[in-house]
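Here the structure comes first, spelled out in structure tokens, and everything after it is commentary.
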Protein chains: 2
Amino acid sequence: MALRARALYDFNSENPGEISVKENEIVTLYSEQDIEGWLEGTNSRGARGLLPASYVEILRNDTVSSFNNNSRYANVPTGAFESFNSTPASTFSAYPALPQQQQQQQPHQGTPASDDDWDDDWDDHSSIADEPGVVGGGYRNYEGNGPSGYSISTSSMPRGAQQAKSSATVSRNLNRFSTFVKSGGEAFVLGEASGFVKDGDKICVVMGQYGPEWQENPYPFSCTIDDPTKQTKFKGMKSYISYKLTPTHTQSQVNRRYKHFDWLYARLVEKFPVISVPHIPEKQATGRFEEDFISKRRRGLIWWMNHMTSHPVLARCDVFQHFLSCSSTDEKAWKQGKRKAEKDEMVGANFFLTISTPPAPLDLQDVESRIDGFKVFSKKMDDSVIQVNATLSEFARKQIAGFKKEYQKVGQSFKYLSQAFEMDQQSYSIGLNQAIAYTGEAYEVIGDYFVEQPKQDVDPVMDLLALYQGHLTNYPDIIHVQKGALTKVKESQKHVEEGKMESQHADGIRDRCNIISFATMAEIQYFHQTRVRDFKSQMQHFLQQQISFFQKVTGKLEEALQKYDNA
Amino acid sequence: MALRARALYDFNSENPGEISVKENEIVTLYSEQDIEGWLEGTNSRGARGLLPASYVEILRNDTVSSFNNNSRYANVPTGAFESFNSTPASTFSAYPALPQQQQQQQPHQGTPASDDDWDDDWDDHSSIADEPGVVGGGYRNYEGNGPSGYSISTSSMPRGAQQAKSSATVSRNLNRFSTFVKSGGEAFVLGEASGFVKDGDKICVVMGQYGPEWQENPYPFSCTIDDPTKQTKFKGMKSYISYKLTPTHTQSQVNRRYKHFDWLYARLVEKFPVISVPHIPEKQATGRFEEDFISKRRRGLIWWMNHMTSHPVLARCDVFQHFLSCSSTDEKAWKQGKRKAEKDEMVGANFFLTISTPPAPLDLQDVESRIDGFKVFSKKMDDSVIQVNATLSEFARKQIAGFKKEYQKVGQSFKYLSQAFEMDQQSYSIGLNQAIAYTGEAYEVIGDYFVEQPKQDVDPVMDLLALYQGHLTNYPDIIHVQKGALTKVKESQKHVEEGKMESQHADGIRDRCNIISFATMAEIQYFHQTRVRDFKSQMQHFLQQQISFFQKVTGKLEEALQKYDNA
């Protein structure tokens with residue numbers, strides 16, 4: 001019997017070899033074994049090709065019974081799914097489905113693989129795809145037609161909040177799928193988190209010139225990513241790309257593959273509820289070893305690494321340090337660190353336990369208004385980043401195709417003219433003929449300049465935009481957590497006023513909300529500071545490259561002009 | 001009864017208000033009175049608008065009876081038309097029909113108007129259109145479907161020559177419509193031209209470094225064309241454009257209208273059979289007073305004037321001097337000069353009488369091979385000029401539309417980004433926001449630079465190409481005349497060998513062919529020299545303007561870059 005799967009979301013093919021599917025479309029698969037997170041199949045229109053494994057659920061008879069096995073949210077009663085099937089804004093994983101037009105990779109937070117099998121041959125073998133029952137297995141009626149990250153966070157929260165208010169106690173949200181719940185934010189606010197915080201795990205928020213900020217990393221470092229090389233094993237049957245990482249603080253090179261980055265990313269997302277973990281570069285099914293793709297992925301990883309190493313919290317965390325410093329050849333040490341990270345208790349709700357704040361609490365009303373302001377800002381920034389991205393992408397495409405063509409056509413017509421002139425054997429025409437021929441060549445060369453240019457200026461800006469698009473899709477969830485905490489504070493105050501809650505209990509909620517607020521404000525502050533730093537340097541780089549380009553064009557034309565001096 | 005006309009050639013509308021017609025299509029006219037050489041009518045598809053009067057013949061009952069009246073070639077027996085209706089290469093006027101794609105104005109050689117009425121209100125009132133019977137009235141079965149100027153000259157001659165050879169004497173060509181016949185070349189070679197040549201009319205060909213050339217004008221001068229101004233008369237009811245001409249040798253300004261140029265052009269074409277008279281700028285029915293059109297026509301007239309004043313023969317001829325120097329207010333002097341020019345006897349065949357050559361005759365075989373070489377050259381040059389013209393025209397169009405759009409879109413997206421950033425009130429972001437906003441404006445300005453640029457660089461090259469396209473359409477006829485003369489020489493030699501002609505008679509033919517050859521070679525030499533001069537200076541100008549453009553763009557980007565210094 002053919003293996004069938006149902007598409008969970010629309011997927012529009014972007015590259016050769018991929019096929020498009022519509023939400024709820026039934027696809028025939030060739031195998032349930034994914035290839036780098038992609039499955040091969042035939043869609044309902046008979047097109048055969050690849051589609052992302054995480055976009056489909058495999059249809060089996062035992063789908064329901066296998067559901068919940070091994071799931072992080074296994075404690076959620078099955079009945080709860082029914083009541084929220086119609087909530088368009090509810091999300092089923094730690095991260096919302098991204099709007100199609102942003103073309104980001106879909107972040108996922110899979111269950112850690114139960115073994116340490118790092119010998120699979122796919123750079124970004126997805127552990128999610130191994131467990132199709134988990135990937136939205138029970139969400140067949142999920143109605144959210146790809147809402148943006150923003151609409152998810154803005155519309156789901158008030159709804160959840162209203163439901164919470166309707167009950168008389170500060171209870172758990174009914175919506176088990178809100179980011180506030182899943183991130184551990186709720187559990188922490190309600191005082192349910194507990195764990196032993198070692199001194200080394202302490203994360204400090206301090207008051208800086210512009211408000212709360214993460215305490216600076218006293219041991220700043222950076223890390224280069226060099227020479228992506230193609231490695232093979234099994235006598236060349238299997239190949240992958242290896243990146244050479246050299247952190248400045250260890251000065252010792254380690255080799256890492258994309259799947260290592262992917263694993264690390266999943267750990268970070270799980271651990272830090274209100275920190276925007278930069279997205280790693282997107283997956284690509286075809287052309288995995290093509291130079292352009294390798295170069296683009298490397299650039300993406302460099303941006304990712306720069307953000308990681310300059311982030312005061314992310315840079316210092318154990319799992320990242322393990323990733324940066326564990327010898328590539330010491331298999332045992334690697335596996336030890338890997339298991340330790342996967343068993344880290346200070347994730348989610350417990351992460352907040354590690355935060356130490358300045359003594360003076362924040363004015364939560366002020367925080368609320370600042371967070372609201374940031375929400376509006378980030379929405380507008382996301383819109384404009386999408387627009388700049390689309391515009392520059394089209395600008396690059398026009399230069400590579402249209403502009404090149406126009407300049408080359410001008411060049412060719414001048415060359416043709418010089419060829420016509422060469423048919424006249426008048427000696428006084430020879431210099432002119434040569435000068436026109438040279439002018440023709442110069443215009444053809446300028447056409448080539450246009451082709452080469454986007455790599456120099458547009459691509460780096462696009463890389464920057466991709467990084468920030470990733471951050472901007474993280475922020476709705478970060479805001480969501482803070483807003484959830486704030487709502488709990490308001491509820492508890494009301495309950496105290498109504499005599500339904502002891503003020504000591506409410507004070508605890510307020511204190512914990514204060515911690516979440518400090519962390520959120522510090523992260524927003526960090527976002528703004530890196531944004532200004534990164535956009536300034538990239539805009540300067542873009543302009544410098546554009547200037548060099550036009551100077552190069554001018555130089556070529558000046559060369560051509562000189563040919564006429566003795567013509 | 002509606003006034004009907006038949007289209008003599010295909011006409012493709014180029015401007016709003018014009019209508020397209022196919023050859024032989026019947027058109028309904030609103031009036032037989034043309035407007036600047038244009039008639040208003042409705043084509044067979046019901047489209048109403050303007051079409052060139054010279055492209056149609058008005059259908060009347062008396063078309064045939066009026067035919068031949070007032071015609072320059074009235075001595076041609078009617079019967080001759082029948083036998084040549086099927087000769088595709090025969091032309092019916094002094095100049096061949098131009099191929100459509102060249103979009104040149106159609107040169108015409110009308111009968112001089114019988115009165116001196118210069119008070120009509122149309123700049124380029126065509127005398128041809130007043131006499132529809134003359135314009136190919138008897139050529140309804142004319143089969144030449146718009147052959148190019150080149151195919152006319154190359155295919156008609158051998159045919160005519162063969163016919164001539166088949167008769168035993170060096171007689172007139174049977175084809176009364178070949179350029180060789182019409183130009184007077186045949187009559188001259190056969191010794192039929194006669195007239196008194198005044199010393200002042202003598203035109204000298206001398207041997208120069210590169211072969212025969214026109215003797216230099218001992219009194220070189222140039223002439224500026226300034227301030228085209230709109231003049232009105234009849235209390236503003238009628239208006240026209242007046243150009244201020246100031247020749248350097250008289251230093252006295254005269255005002256001339258387009259119709260004066262048009263009249264002069266017709267005189268020059270009639271007078272000089274082997275001189276390439278530069279075409280005057282094309283007519284345009286609509287937008288006659290629009291700035292762009294006036295500017296373009298003025299530029300065309302400047303190019304025309306430069307060629308005229310630098311040409312050793314054209315610059316010195318009486319009718320041109322009359323045009324340049326006769327006071328605009330002395331109506332009587334003007335009319336006198338006008339009548340004199342129209343009665344000039346030294347036109348056509350008699351023009352050759354005025355030429356004095358170096359004593360040593362040319363090697364006619366060498367001349368033949370050089371002329372053949374020039375024919376190939378000019379064909380190739382014409383092709384490449386058409387290509388450069390089309391390419392640059394498209395290049396300009398792309399800059400005005402596409403390039404502008406791309407740069408402005410980039411500018412707008414940067415501005416949008418800066419607006420998003422302005423929503424963040426962090427003080428450290430203000431400098432960056434302003435710099436990005438400025439960058440956005442800079443890109444919009446660069447978009448405008450692209451719009452303005454073609455006027456500076458592409459347009460002047462296009463003007464040059466238009467002038468040379470005109471020359472290149474003249475050369476087939478010039479070559480035709482020389483080749484006709486050469487054929488007569490060969491025929492006469494054969495007749496002498498066969499004892500059918502006295503060698504003295506053949507010597508005369510050879511001598512006169514020598515004169516035509518000297519003149520043709522001198523004109524070709526002049527063409528090459530001006531070509532090298534004009535293309536060199538225009539290519540330099542083009543490159544200089546392109547360089548300034550890219551420098552201006554670079555400057556704008558540098559301004560933008562500086563804004564980031566304190567951001």
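Numbered from 1 within each chain, the chains take letters A, B, ... in sequence-line order.
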Name the member of [options] that forms the most heavy-atom pairs with chain A at distances under 4.5 Å.
| options | answer |
| --- | --- |
| B:Ile547, B:Val553, B:Asp565 | B:Ile547 |
| B:Lys380, B:Gln209, B:Gln544, B:Lys563 | B:Lys380 |
| B:Lys556, B:Gln525, B:Gln412 | B:Gln525 |
| B:Gln529, B:Gln419, B:Lys405, B:Lys409 | B:Gln529 |

Which distance, rounded to the nearest 0.5 Å, do you find between the [atom1] of [X] and the [atom2] of [Y]?
| X | Y | atom1 | atom2 | result |
| --- | --- | --- | --- | --- |
| B:Leu543 | A:Glu559 | CG | CD | 11.5 Å |
| B:Gln399 | A:Phe403 | CD | CZ | 9.0 Å |
| A:Tyr428 | B:His528 | OH | NE2 | 6.0 Å |
| A:Leu557 | B:Gln545 | CG | CD | 12.0 Å |
| B:Ser429 | A:Phe377 | OG | CZ | 7.0 Å |

Quick one: are [X] and [Y] in side-chain contact, heavy atoms under 4.5 Å?
| X | Y | result |
| --- | --- | --- |
| A:Tyr416 | B:Asp383 | yes |
| B:Gln551 | A:Glu558 | yes |
| B:Phe421 | A:Ser384 | no |
| A:Asp424 | B:Met381 | no |

* Asked: Under the side chain to side chain contact (heavy atoms under 4.5 Å, CB included) criterion, do B:Val532 and A:Gln426 qualify, and how do the steps go?
  -> CA-CA 10 Å; B:Val532 170; A:Gln426 306 286 358; over 6 Å; no
* Using the ring of each side chain (for Trp, its six-membered ring), is B:Phe542 parallel, tilted or perpendicular to A:Tyr443, with breaks at 30° and 60°? -> tilted
* To do: Check the angle between the aromatic planes of A:Phe550 and B:Tyr407 and answer parallel, tilted or perpendicular using the 30° and 60° thresholds.
  =>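 Tilted: the ring planes of A:Phe550 and B:Tyr407 meet at 30° to 60°.
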Engaged part of [X] at the chain A interface, taking heavy atoms whose separation is under 4.5 Å:
| X | value |
| --- | --- |
| B:Glu406 | both |
| B:Val410 | both |
| B:Glu394 | both |
| B:Leu432 | side chain |
| B:Leu392 | side chain |
| B:Lys398 | side chain |
| B:Ala435 | neither |

* Look at A:Tyr210, A:Phe374, A:Phe549 and state which one has the largest set of heavy-atom pairs under 4.5 Å with chain B. =>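 Option with the greatest count: A:Tyr210.
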Heavy-atom closest pair, residues [X] and [Y]:
| X | Y | result |
| --- | --- | --- |
| B:Ser413 | A:Thr391 | CB-OG1, 3.7 Å |
| A:Met423 | B:Val376 | CE-CG1, 3.3 Å |
| A:Tyr564 | B:Lys536 | O-CE, 3.1 Å |

* To do: Name all residues meeting the side chain to side chain contact (heavy atoms under 4.5 Å, CB included) criterion together with B:Gln434; count only those two or more places apart in sequence or in a different chain, and write none if there are none.
  =>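 For B:Gln434, the residues satisfying side chain to side chain contact (heavy atoms under 4.5 Å, CB included) (neighbours in sequence not counted) are B:Ile430.
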* Asked: Quick one: side chain to side chain donor-acceptor pair (under 3.5 Å) partners of A:Glu444, sequence neighbours excluded?
  -> A:Lys415
* Which atoms of A:Glu422 come close to chain B, meaning under 4.5 Å heavy atom to heavy atom: side chain ones, backbone ones, both, or neither? -> neither
